Student: 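For reference, the structure I am asking about is given below.
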Amino acid sequence: MEEKKAEHMNLLMQTSAWPALRSKAIQLSRVHLRNFFEQDSERFARFSLAHDGWLMDYSKQRIDDETLSLLMELVHALDLPRGIRALAAGDQVNFTERRAALHMALRARDGAHAELVRDCLGALEHWVSLIRRRELLGATGQTITHVINLGIGGSDLGPRLAMETLEPQCDGPVVKLVANLDPVALDMALRDCKPAHTAFVLSSKSFTTQETLANAKVAMKWLADGLGSAGVGQHLFAVTNRPAAAQELGVPAERCLFLPEWVGGRYSVWSSIALPLACAIGMPAFREMLDGARSMDEHFTQAPMSSNLPVMMGLIDFWNASGMGLETLAVLPYSHLLRNLPTYLQQLEMESNGKRCTSTGELSRAPSAPVVWGGSGIVGQHAYHQQFYQGTRMMPMHFIVPRHAPDERSRMVQLNALAQSAALMRGKTRDEALDELRRSGLSEQEATRLSPHVACPGNQPSTTLLMPLLNPRTLGQLLALYEHKVFVQGWLLGINSFDQYGVEYGKQMARALASGNLPADADASTRGLHAALGKPG
Ligand code: F6P
């Protein structure tokens, strides 16, 4: 069969839309966002998009009709629709590693991989049901009541975020997740656990990840000390693409859940990597999450570009990062349950698009992914929002706000999000500050002295995403929405969103240092620090 290739060329610089967008960026950087609203009362209606209970308002972004039509020109010049079809069809969009990125297949009802996906889900369901029914017995015949996941990166962040977000629905065994190699992390997790009642999930696609394997060895010793070494296997699971390696370590074959090669780590929450999550929330809720993601996939693959939520969100973020050259993106969930969404998105966005080499091997001249950061809405208002108000940087934001407000406090949370986006866009001029200070009873001299300190430039661009009631389905939609918007940005940049050679280089260096021998060409700083650390213990 002829090898299918994603023939994506680095065309961004060659499009006529790209230089036009760069000029547009210079032109619009001189316009205050407030002016857009003063000149156009229909701006919200024109620059917002609704779909299936979701509403994306991008009217507070630095765009006008011409910007949008240039971005659309880019979409067609770079044939984004073909990219979306290639992703869905299982073409080699991961062109460096020559493989597909088929996270959509994990939540599809049919397609080329349906049988494998069904089998994987079946195995997951089998073990999850046993554990949740408290029918899984350990080596001493006692019930497994505690599950500890050992995994890092994509083998941790997705289940961790989903468990946290769906915490009100967690009604299964005690589930803990340990990612850090710092011994304190595993020690803390083990504190209230007993070997006879505890199972470990060794989650690692590659089964070579140093941190996970080192923690696995400590966990296995802890089990062996408590149960005798013959019993250890009965307390282990592995989720991996390399079951043979897991078996070699001592995980029984039937407890090795398979993770196909074509699932990227940061896109794997939909796979058997969800074992700890599904133990916590149950398979029906996990399947609802898959359903939600599938509904977003259908929208992404079928909706016209201009009314396509992930496409429009990707275009706006591309415009800010690559067109305007803005270097950060603050993700501000106004929901306590979503408080760690920024951490999850850091891997999704920065490991996917923090790259400079295009498909032709040339270096991209467009700025790549922004620095993604953020934190819980409301809480951040009393910390870093000061910098949004009066710092010197333009800092794009995503306000994520559930539409459902069951009580007064939830309503206040929603209104705070709106207040922040409004104030940060509008700003307070020096004259307005002066008037305010005068009205507060200050002398003219004191009001004049203080007014520059009180004025806020505003002009901060933001997108507000109103989401339906937070539940497994809408969480699935939210994560799929971000996955696809990251794909859109990567496609426009012409980079491969699915490899991570940079991270591999870091791992290589860590291995070299862990072997005890400094590389012959180690720099003086590293030599000095290494000597200063001395020997362990
Ligand atoms: O360190 C980066 C990374 O390769 C991620 O892409 C991945 O999610 C994580 O490590 C864990 O990898 P594995 O599942 O193979 O242990």
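Quick caveat, the model's predicted, so the values are computed rather than measured. Counting starts at 1 for both ligands and their atoms, following the listed order.
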Student: Would you check, one step at a time, whether the test side chain to side chain contact (heavy atoms under 4.5 Å, CB included) holds for His146 with Val175?
Tutor: CA-CA 6 Å; His146 288 60; Val175 179; over 6 Å; no
Student: Is any side-chain N of the basic residue among Asp171 and Arg132 closer than 4.0 Å to the acidic one's carboxylate O?
Tutor: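 Counted as a salt bridge, because a side-chain N and a carboxylate O are separated by less than 4.0 Å.
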Student: Going by an N to O cut-off under 4.0 Å, is there a salt bridge joining Arg527 and Asp523?
Tutor: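 Salt bridge: no.
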Student: Just to be sure I'm reading this right: ignoring hydrogens, which of Leu150, Leu157, Thr209 gets closest to atom 12 (O) of ligand 1? Compare them by their nearest heavy atoms.
Tutor: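 Heavy atom nearest to atom 12 (O) of ligand 1 belongs to Thr209.
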Student: As an exercise, identify every atom of ligand 1 less than 4.0 angstrom from a heavy atom of Ser204.
Tutor: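 Those atoms are 13 (P), 14 (O), 15 (O), 16 (O).
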Student: Identify whether NZ of Lys or CZ of Arg in Arg242 sits under 6.0 Å from the centre of the six-membered ring of Phe207 and within 45° of that ring's axis.
Tutor: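 Here Arg242 fails the 6.0 Å and 45° test against Phe207.
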Student: Got an N/O contact under 3.5 Å between Val503 and ligand 1?
Tutor: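 In this structure, Val503 places no N or O atom under 3.5 Å from an N or O of ligand 1.
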Student: Based purely on interatomic distance, does Ser155 place a nitrogen or oxygen under 3.5 Å from a nitrogen or oxygen of ligand 1?
Tutor: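 Ser155 vs ligand 1: N/O contact under 3.5 Å present.
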Student: Can the ring centres of Trp262 and His113 be said to be less than 6.0 Å apart?
Tutor: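 Ring centroids of Trp262 and His113 are less than 6.0 Å from each other.
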Student: For atom 15 (O) of ligand 1, which protein heavy atom lies nearest, and how many Å away is it?
Tutor: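 Atom 15 (O) of ligand 1 sits closest to the protein heavy atom Ser206 OG, 2.6 Å.
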Student: Provide, to 0.1 Å, the distance between atom 9 (C) of ligand 1 and the closest protein heavy atom, together with that atom's residue and name.
Tutor: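 Ranking protein heavy atoms by distance from atom 9 (C) of ligand 1, first comes Ile152 O, 3.6 Å.
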Student: Would you call Glu362 and Arg356 a salt bridge, using N to O less than 4.0 angstrom?
Tutor: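 Answer for the salt bridge query: no.
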Student: With the threshold set at 4.0 Å, does a side-chain nitrogen-carboxylate oxygen contact exist between Glu504 and Lys507?
Tutor: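 Yes, this pair counts.
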Student: Quick one: look up the protein heavy atom nearest atom 8 (O) of ligand 1 and list residue, atom name and how far away it is.
Tutor: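 Result: Gly154 N, 2.7 Å.
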Student: Out of Gln500, Glu351, Lys507, who is nearest to atom 5 (C) of ligand 1 when you count heavy atoms only?
Tutor: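 Ranked by closest heavy atom to atom 5 (C) of ligand 1, first place is Glu351.
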Student: If you measure from each heavy atom of Glu211 to ligand 1, is any distance below 4.0 Å?
Tutor: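 Distance cut 4.0 Å: Glu211 fails for ligand 1.
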